[in-house]
Structure formats: structure tokens, C-alpha cells
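The structure appears right after this line, and notes come after that.
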Protein chains: 2
Amino acid sequence: MFLASPSKGYTLKENPKRRIEPCPKKNSKNVNTILGKDNHMTMKAFQDYYSETFASCFGCGRLNEHGLHIKSYWDGEESVCRFKPKHYHTGGFPENVYGGLIASLMDCHGAGTAYAATHLKNGSNIDTDPASRYVTAALHVDYLAPTPMNESLELRGKVKEIRGRKVIVSMTLSVKETVCAKGEVVMVRIPEASVS
Amino acid sequence: MFLASPSKGYTLKENPKRRIEPCPKKNSKNVNTILGKDNHMTMKAFQDYYSETFASCFGCGRLNEHGLHIKSYWDGEESVCRFKPKHYHTGGFPENVYGGLIASLMDCHGAGTAYAATHLKNGSNIDTDPASRYVTAALHVDYLAPTPMNESLELRGKVKEIRGRKVIVSMTLSVKETVCAKGEVVMVRIPEASVS
């Protein structure tokens with residue numbers, strides 16, 4: 001079992017073969033340069049490593065011209081994704097973000113986190129070693145507070161468990177330090193033969 | 001508590017003040033005329049009754065030019081929504097539908113079902129009586145099988161419970177009789193003062 005908590009089991013820091021460098025901690029000096037305010041990342045995201053076969057996802061595929069282009073990165077022990085909704089991503093109340101978009105962000109950020117965490121656990125090189133792609137088995141979202149429009153949304157993910165082919169990722173979605181939603185995904189790794 | 005099951009408590013059929021006519025049963029003679037194959041409905045959907053204030057939702061708002069325009073109707077004791085994904089609504093595997101879209105469909109179909117079921121329970125007139133709008137408190141989706149692209153998706157909803165301001169709707173998403181996903185939403189009614 002893989003636990004992201006530093007106090008239990010395998011942690012990101014303890015892996016000597018770690019190949020994916022995390023983003024700096026949130027409060028470090030140059031975090032805004034790297035993470036940007038509107039998801040203007042300057043480093044390669046988890047999703048940028050997906051093979052072309054899997055790069056057409058509406059949520060996170062770099063080759064989907066109409067897609068959301070969700071990008072996820074390590075930030076210390078957590079994964080982070082920043083996303084600025086388009087003006088039309090409104091919910092029932094036009095001043096709030098659409099709940100389906102929030103679920104979509106959690107789906108792709110959870111999948112990306114599972115992918116990157118597997119590489120870390122295995123000590124494999126994300127640039128050269130075979131990809132480990134995941135599909136979503138279950139998605140749960142609790143909407144805790146309205147998510148305001150015209151703001152950058154910050155998703156943070158933690159790997160709760162890696163066991164066999166299954167990875168569970170818990171997430172929060174925040175705006176300016178206010179947690180607006182919490183979620184959890186259960187991702188299942190696709191057999192290697194299906195990924196090539 | 002409101003139970004959609006004919007065998008328990010309040011049912012749609014038992015309400016003498018019923019004002020929203022259901023669609024015909026799925027196997028009835030003219031169901032295809034009314035429901036169409038690609039969501040080409042000829043009758044007014046739940047979402048068409050929403051006031052302009054709430055018609056901007058990306059998922060189901062008729063006034064959102066960029067939105068999905070999800071439409072829900074009664075079909076006997078169940079609510080039904082048919083939706084044909086756009087060519088770009090692909091998931092990790094390009095031949096399958098994006099999981100975030102499935103979550104979005106369940107979010108809006110669940111909200112619409114909660115709205116319409118409240119009118120039925122109260123015996124109120126959906127054309128003239130005050131609206132009862134809902135926000136999503138929780139959304140859960142279990143992805144049971146890949147959902148193929150280039151097909152019409154059929155969502156079916158059942159009201160599991162109405163208690164106070166809360167409505168729970170369980171749903172399935174099927175393609176040609178195969179259930180590809182199951183879901184459940186917990187919707188909470190907005191206080192009347194917020195709806196005007």
C-alpha cells in the first residue's frame with residue numbers, strides 16, 4: 001500500500017529513484033513564477049507525458065482542440081492543478097462555477113496524479129519508461145460552498161492509497177484559501193497491453 | 001419522505017393534482033416520436049421551465065450558447081435524458097466518452113429531476129407556481145463499462161428520497177441497453193427568497 005503521508009509507509013521523498021521533480025512548496029519564493037496565477041505553467045505537466053493515443057481526452061488531452069487542457073504538477077507531497085474557468089462555465093447561479101466542470105477537473109487531476117504517483121512509487125523514468133495509464137472507476141464530489149466565477153481554481157490532490165492496480169486520490173478545490181469542494185476518485189490502471 | 005417506488009409512500013401516479021404529463025412508457029407506440037433518437041424532443045423539458053436567472057447553466061441552461069443543453073423529461077415513473085456527445089467529448093481512450101461529461105450529465109439530469117419531482121409532490125403547477133431550484137450537495141458516479149462514442153446516451157433517473165429540502169436521485173447511463181455508469185446526486189433546495 002502506498003501512503004502519501006510522510007509518517008506512514010512509502011512517501012514521495014523517500015524514493016531514491018525519484019525522477020519527477022516537484023514544484024516548490026506553495027509558500028516558497030518562486031512558486032508564482034512556476035505555477036502562475038492562471039495556470040501558466042512553464043514546466044512539463046503530468047498530462048504532457050501521455051502518449052498521443054491518450055492525448056485526446058476532453059479534460060486533459062493536449063491534442064483535443066476543444067478540451068479543457070487540465071495540467072497537473074507536483075507541489076511537494078501534493079499534486080496541484082490551477083484552472084481558470086471560461087466565462088461560460090457557469091452553474092445554476094451565473095456567478096458560480098458549474099458543478100459538472102468541478103467534477104471534470106477532479107476526474108482528470110485524479111487520473112494524472114495516479115499516473116505520476118505510480119512512476120514515483122516504481123522509481124521509473126516518466127520520460128522513457130512505459131506509461132501507466134488509468135481509467136476512472138468511481139468519482140465522488142462534495143460541494144461545500146459556491147465556487148465563484150472569475151477566479152483561479154486550485155485543485156490539490158493527495159494519494160490516499162496505491163494497492164495493486166488501484167489508486168485512490170483525494171482532492172480539494174479552493175479559491176483564495178476557501179475550500180469549495182472536496183472529492184475522491186478511484187482510478188484503475190489499464191493493463192500494459194492496452195496502453196501501447 | 002417521497003418514494004418513487006409505486007409500492008411505497010407517495011408515487012407520481014397517486015398525486016391527483018399532477019400537472020406535468022409524463023412521456024409515454026419506453027415501449028409505447030409513439031415514444032420515439034416524442035423522445036427522438038438524438039434528444040430531438042418536441043415537448044417542453046424540465047429545464048425549459050427554469051427562470052432566465054437560472055438558464056445560464058453550462059450543463060442545462062437554454063441561454064448558455066456554449067453549453068450542453070441537457071433536457072430531461074418524465075417517462076412514466078422515471079426521468080429520462082438523451083444526449084449525443086460531440087465528436088470532441090472523448091475520454092482517455094478516444095473511442096470512449098469522457099467521464100467528466102458523464103458526471104456533468106448526471107449533475108444536471110439529477111437537478112432537473114429533483115425540480116420536477118418537487119412540483120409533482122406538492123401538486124403545484126410548473127407553468128405558474130414558484131420555481132423550486134436545487135443546488136448539488138454531492139455527486140457520485142460509478143463507471144461500470146466504457147461508454148462508446150457516436151451513440152446516443154440514455155440517462156434514467158429515479159427519485160430515491162425527498163425529505164425536507166433534500167432530494168436524492170439515483171441514475172443510470174446506458175447505451176443500447178448496456179448500463180455503462182450508475183450515479184447518485186444529493187440535491188438541496190434553495191430557499192425561496194434566493195430564487196426570485
Side-chain angles (χ1 to χ4, degrees), chain A residues 47 50 52-61 63-68 70 85-108 110-111 115 133-144 146 181-188 190 194-195, chain B residues 47 50 52-61 63-68 70 85-108 110-111 115 133-144 146 181-188 190 194-195:
Chain A
Q47 292 85 359
Y50 293 174
E52 285 196 9
T53 308
F54 295 98
S56 61
C57 173
F58 179 77
C60 60
L63 301 181
N64 190 321
E65 292 179 9
H66 301 273
L68 303 175
I70 292 166
K86 302 285 187 189
H87 70 90
Y88 49 78
H89 284 142
T90 47
F93 283 90
E95 63 271 28
N96 297 331
V97 174
Y98 174 48
L101 176 71
I102 291 171
S104 298
L105 297 176
M106 290 195 173
D107 185 19
C108 284
Y115 163 78
R133 282 302 311 276
Y134 284 82
V135 293
T136 314
L139 165 69
H140 184 91
V141 185
D142 289 314
Y143 299 90
L144 307 177
K182 287 186 177 180
E184 189 166 286
V185 289
V186 179
M187 310 301 303
V188 175
I190 304 165
S194 307
V195 183
Chain B
Q47 292 85 358
Y50 292 174
E52 286 196 8
T53 309
F54 294 98
S56 61
C57 174
F58 180 77
C60 61
L63 302 182
N64 190 323
E65 292 180 10
H66 302 270
L68 302 174
I70 292 165
K86 301 286 187 188
H87 69 90
Y88 50 78
H89 284 141
T90 47
F93 284 90
E95 62 270 31
N96 297 331
V97 174
Y98 174 47
L101 177 72
I102 291 171
S104 298
L105 297 175
M106 289 197 174
D107 185 20
C108 283
Y115 163 80
R133 281 303 311 275
Y134 284 82
V135 291
T136 314
L139 165 68
H140 185 90
V141 184
D142 289 314
Y143 298 92
L144 307 176
K182 288 186 177 179
E184 188 166 287
V185 289
V186 179
M187 311 300 303
V188 175
I190 303 164
S194 307
V195 183

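Just so we're on the same page: letters track the sequence lines, and every chain starts at 1.
- Contact of A:N64 with chain B is made through the side chain alone, with heavy-atom distances under 4.5 Å.
- In this structure, B:H140 NE2 and A:E184 CD are separated by 9.5 Å, a value rounded to the nearest 0.5 Å.
- Taking B:T136 as the reference, B:D107 meet the side chain to side chain donor-acceptor pair (under 3.5 Å) condition, with sequence neighbours excluded.
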Give every donor-acceptor pair under 3.5 Å between a side-chain atom in residues 98-105 of chain B and any protein atom, sequence neighbours left out.
| from | atom 1 | to | atom 2 | distance (Å) |
| --- | --- | --- | --- | --- |
| B:Y98 | OH | A:S104 | O | 3.0 |
| B:S104 | OG | A:G100 | O | 3.4 |
| B:S104 | OG | B:G100 | O | 2.8 |

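- Residue contact with chain B, scored on non-hydrogen atoms closer than 4.5 Å, involves the side chain of A:V135 exclusively.
- A:F54 and B:F93 have perpendicular rings, their planes meeting at more than 60° on a 0 to 90° scale where under 30° would count as parallel.
- Contact count against chain A (heavy-atom pairs under 4.5 Å) is highest for B:H89 among B:M106, B:H89, B:K182.
- When all heavy atoms are compared, the tightest approach of B:G92 to A:R133 is CA-NH2, 4.2 Å.
- When all heavy atoms are compared, the tightest approach of B:S56 to A:P94 is OG-CB, 3.4 Å.
- Using a 4.5 Å heavy-atom cutoff, the side chains of A:V97 and B:F58 are not in contact.
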